[in-house]
Amino acid sequence: MSTGPFQFMQTNELDSIVDSARDAFAKAQAPAELENAKAQFLGKSGRVTELMKGMAALGVDDKKVRGAAINLAKQAIEAALVQRRQALADRELDVQLKVEALDVSLPGRRRAAGSLHPVSLTMERIEQIFASMGFDVADGPEIETDWHSFTSLNNPPNHPARSMQDTFYVDIDGDDGIAYNLRPHTSPMQVRYAHQHVKKYAGQPVMPEIRVIAPGRTYRVDSDATHSPMFHQCEGLWLGENVSFKDLKVVFTDFCRTFFESGDLALRFRPSFFPFTEPSAEIDIQFQTGPLAGRWLEVAGSGQVHPTVVSNMGLDPERYLGFAFGMGPDRLTMLRYGVSDLRLFFDGDIRFLGQFR
Ligand code: PHE
């Protein structure tokens with residue numbers, strides 16, 4: 001049997017180990033620190049483990065008594081460990097909940113659904129209608145050469161007709177010696193597209209007709225309620241061996257009536273002048289109903305492609321002829337939606353733009 005003093009010392013020693021374990025656990029502020037503290041007591045060479053090893057030398061009875069006491073101490077330490085683990089985990093969760101707290105009373109940040117710009121809607125509509133009539137849709141540069149913008153269109157340097165368009169000249173002291181401008185109309189696309197087309201079918205027995213529209217941005221030195229320095233045009237060109245002014249009338253009338261969904265829309269081809277067409281005509285439309293009824297409204301310039309332009313396309317003007325037109329999608333958009341000031345299209349006010357869907 002163990003003696004009284006021995007037991008007393010033993011118990012005291014164990015109690016103090018348990019106390020210091022509780023202290024060490026309480027000081028641990030993070031799970032990793034806690035596991036380190038655990039090792040000091042319950043690890044391979046921890047204090048409790050060392051006590052167990054020390055029992056080897058004891059007699060059977062002492063082993064029983066001391067073993068039971070050490071086990072109690074070990075259980076107390078393990079209980080303290082589990083408790084501290086839970087406390088640390090709870091605290092971590094609390095912090096996380098606070099950090100990730102969601103104030104459900106805050107209004108959400110919505111991602112607004114955008115909408116197409118009204119002029120883009122018009123462009124798409126124009127493309128669809130002409131595509132249904134077999135027209136290709138072509139795209140070209142906004143910074144254009146002087147030759148494409150004017151000269152190729154039978155508008156040579158110093159010709160008075162050039163002053164019809166207040167062009168932005170791009171001052172490039174080009175190595176290439178070519179004068180550039182911001183294209184004042186989409187008409188340069190007539191010659192550009194024709195060149196591509198002629199090249200594509202070179203050497204083939206039959207060249208298909210040229211039937212194309214070229215929508216895009218155009219520029220002029222002009223700014224008021226109905227003019228913007230940047231605006232849009234859509235060129236049209238139909239060239240073949242047997243294309244006449246009558247076809248222009250049919251195609252454009254069909255287009256306008258479809259575009260405005262108005263079967264009784266009237267059209268007027270008013271004689272005019274462009275260097276690149278002969279004869280030339282302004283195209284006016286007239287609604288029979290609605291707020292604009294009865295007024296003639298100009299929507300396009302047009303005419304039979306001038307023989308000089310046909311030559312510049314690389315085609316024989318004795319063989320190929322046809323018509324071209326240039327219309328203003330901005331104007332068409334204003335008429336379709338009843339917008340009175342062109343500048344609204346380019347101010348970027350979403351209260352205005354959001355109305356077109
Ligand atoms: N390019 C002309 C303009 O901007 C319009 C036009 C195009 C006229 C094609 C005739 C033929 O006013």
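Bear in mind that the values here come from a model prediction, so they are computed numbers and not experimental data. As the structure lists them, so they are numbered: ligands from 1, and atoms in each ligand from 1.
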[X]/[Y] ion pair, N-O < 4.0 Å:
X: R336; Y: E261; result: yes
X: R47; Y: E50; result: no
X: R268; Y: E282; result: no

Compute the centroid of each ring, for F274 and then for H185, and state whether the two points are separated by less than 6.0 Å.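 Centroid distance F274-H185: not below 6.0 Å, so no.
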Would a line drawn from the ring center of F135 to the ring center of F252 be shorter than 6.0 Å?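 Centroid separation for F135 and F252: 6.0 Å or greater.
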Given the rule in the salt bridge (charged side-chain N to carboxylate O under 4.0 Å, His left out) test, do D222 and R220 qualify, once you have shown the distances and angles that lead to the verdict? CA-CA 6 Å; D222 221 347; R220 284 185 209 177; over 6 Å; no
Distance filter under 4.0 Å to [X] heavy atoms, resulting ligand 1 atoms:
X: Q190; answer: 9 (C)
X: G326; answer: 6 (C), 7 (C), 9 (C)
X: A324; answer: 9 (C), 11 (C)

Please state whether the rings of F245 and F269 are parallel, tilted or perpendicular, taking 30° and 60° as the class boundaries.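 Ring orientation of F245 relative to F269: perpendicular.
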When the ring planes of F345 and F356 are compared, do they come out parallel, tilted or perpendicular, using 30° and 60° as the limits?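 Perpendicular: the ring planes of F345 and F356 meet at over 60°.
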If we only count N/O pairs under 3.5 Å, is [X] in contact with ligand 1?
X: S187; value: yes
X: H185; value: yes
X: S302; value: no

Between R183 and ligand 1, find which residue part has any heavy-atom pair under 4.0 Å and reply side chain, backbone, both or neither.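 For R183, no heavy atom sits under 4.0 Å from ligand 1.
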Between F276 and ligand 1, find which residue part has any heavy-atom pair under 4.0 Å and reply side chain, backbone, both or neither.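 Answer for F276: side chain.
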So is [X] touching ligand 1 or not, going by heavy atoms under 4.0 Å?
X: F323; answer: no
X: R220; answer: yes
X: Q233; answer: yes

Which option, F273, F274, F231, owns the non-hydrogen atom nearest atom 12 (O) of ligand 1?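 Minimum heavy-atom distance to atom 12 (O) of ligand 1 goes to F274.
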Which residue from E235, H306, Q304 reaches closest to atom 9 (C) of ligand 1 through any of its heavy atoms?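 Looking at heavy atoms only, the winner is E235.
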Validate the cation-pi geometry between R125 and F259: distance from NZ or CZ to the six-membered ring centre under 6.0 Å, angle to the ring axis within 45°.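 Yes, R125 and F259 form such a contact.
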